[in-house]
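Take a look at the structure set out below.
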Amino acid sequence: MVFSDKITVSNVFEAVGILVTSDIQKSIASVTSPALAESTIKRRLNGKQVGNMKTATKPLVDTGHMMASVTHEEVTK
């Protein structure tokens, strides 16, 4: 495929970057343990929420910052 000039090496790297980014984000979203710390739960109950902490119940997902930080860079020549 790469040899036929229809798909370039850069296109392949871009596709792999997108795939890996998606896989890592899915892994983060699937984490269910360890359970949230008691301090996190207390912070929610006391109204000191940050981001989406009022509704988030899973670790690594409270603010969404980790999920948004997972990305790839485009390969340039």
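Position 1 is the first residue of the sequence; numbering continues from there.
Residue Glu14 holds its CD atom at 13.5 Å from CD1 of Ile7, rounded to the nearest 0.5 Å. To the nearest 0.5 angstrom, Ile24 atom CD1 is 11.5 Å from His72 atom NE2.
A donor-acceptor pair under 3.5 Å links the side-chain atoms of Ser27 to the main chain of Asp23, judged by distance alone. Using a distance-only test at 3.5 Å, with no hydrogens or angles considered, a donor-acceptor pair links the side chain of Asn11 to the main chain of Thr8.
Under a hydrophobic clustering in which Ile, Leu, Val, Met, Phe, Trp and Tyr are joined whenever their side-chain heavy atoms come within less than 4.5 Å, directly or via other members, Val70 and Leu19 fall into different clusters.
For the pair Ile28/Met66, a side-chain contact is recorded, criterion being any heavy-atom separation below 4.5 Å from C-beta on.
Nearest heavy-atom pair across Gln25 and Met67 is NE2-O, 3.2 Å.
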